[in-house]
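Fair warning: this is a prediction, and the values are worked out from it, not measured in the lab. Atom set for the values below is all heavy atoms of this structure, side chains included, hydrogens, waters and symmetry mates excluded.
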Amino acid sequence: TGTATGGRGGLVSISAGSGTSGIGGSVCIKGGASVGTGGNVEIEAGTSSGGTAGSMIVKNPTSGGNILSISATSVVIDTGTFEITATSTILIDAGTTLTLDGGTNGVNFDSSYVYGFEYGSGTVSSSAVTLNTMTGSITSDSSALVASGGSQTITLTNSRITATSMVFVNVKTTCTGGYIVVLSADPGSGSATIVVYNAGQNACGDAY
């Protein structure tokens, strides 16, 4: 269509005929076939030298509202149900934050296997250890062995922990001679205070 020199550019409108019964006409845009690489179908919104570039929009045929809006910086889908199905892999990669909001009914993983959480490891030194991951393994200080009936307090610095977090600590491998149990894990802002107790008859002979 024509280019405007001082106002609005011309319009290109493609529409199919309406039916009085049965099904209305379809609009089909198809790239060319080839023995090499098939032709592309490209849709590009207009640029702007002084304002906002245009968007690509798919309309709701009933309400006239936007179902799909694609701009230079965002993709917005506004519809009742949106489904993505792949025969192999679906990848969602966010540069900063990925938010899943299930509304009042929550997020349903449909009994699927969930894995790949952050994991790290660290060794306690001077009753403190830093581990900035969601999960991980902590090894106690071998130079600070816990006596029978004695307790030990460990300060875990972790940027994932907030004052309202729930911190779960379990003993994977206890020490030789003793029997270490976790008494408490008290969260704070960026840290947690973990208290363990040796319930064994003997002092720990090594780290746990």
Are [Y] and [X] connected in a single hydrophobic cluster, I mean Ile/Leu/Val/Met/Phe/Trp/Tyr linked by side-chain heavy atoms less than 4.5 Å apart?
X      : Y      : answer
Tyr179 : Val146 : no
Val196 : Ile138 : yes
Val58  : Ile77  : yes
Leu100 : Phe82  : no
Ile84  : Ile70  : yes

Any [X] side-chain heavy atom under 4.5 Å of [Y] side chain:
X      : Y      : answer
Val181 : Val171 : no
Leu68  : Val75  : yes
Thr133 : Tyr119 : no

Show the nearest heavy-atom pair for residues [X] and [Y], with the distance to one decimal.
X      : Y      : value
Ala192 : Val167 : CB-CG2, 4.2 Å
Pro187 : Ala163 : CG-O, 3.9 Å
Ser69  : Ile57  : OG-CG1, 4.2 Å
Asn132 : Thr130 : ND2-CG2, 3.8 Å
Ser191 : Ile161 : O-CG2, 3.4 Å
Asp141 : Val124 : CB-O, 3.3 Å

Can you tell me if [X] uses its side chain to pair, donor with acceptor, with the backbone of [Y] under 3.5 Å?
X      : Y      : answer
Thr174 : Ile180 : yes
Ser148 : Gly200 : yes
Gln152 : Ser140 : no
Asn198 : Gly178 : no
Asn158 : Leu131 : yes
Asp110 : Ser112 : no
Thr135 : Glu118 : yes

Heavy-atom count around Ile90 CD1 within 6.0 Å, excluding the residue itself: above 12?
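More than 12 within 6.0 Å, yes.
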
Check whether more than 12 heavy atoms from other residues, nucleotides or ligands sit under 6.0 Å from atom CE of Met56, and answer yes or no.
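Yes - once you tally the heavy atoms of other residues, nucleotides and ligands closer than 6.0 Å, there are more than 12.
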
Give, for atom [atom1] of [X] and atom [atom2] of [Y], the distance between the pair rounded to the nearest 0.5 Å.
X      : Y      : atom1 : atom2 : answer
Ile29  : Ile43  : CD1   : CD1   : 5.5 Å
Thr176 : Tyr208 : OG1   : OH    : 13.5 Å
Thr79  : Ile67  : OG1   : CD1   : 5.0 Å
Asp186 : Thr155 : CG    : OG1   : 10.5 Å
Ile92  : Leu98  : CD1   : CG    : 6.0 Å
Ile154 : Ser127 : CD1   : OG    : 7.5 Å

Residues sharing Tyr115's hydrophobic cluster, by side-chain heavy-atom contacts under 4.5 Å among ILVMFWY, directly or via others?
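The other cluster members (ILVMFWY side chains, heavy atoms under 4.5 Å, direct or chained) are Tyr113.
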
Stepwise side chain to side chain contact (heavy atoms under 4.5 Å, CB included) test for Asn66 and Lys59
CA-CA 5 Å; Asn66 296 348; Lys59 293 285 188 178; 2.8 Å; yes

Any donor-acceptor N or O pair under 3.5 Å, side chains Ser165, Thr162
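Note: Ser165 and Thr162 side chains meet the donor-acceptor criterion.
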
Would you please say whether a donor-acceptor pair under 3.5 Å links the side chains of Glu83 and Thr85?
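Yes.
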
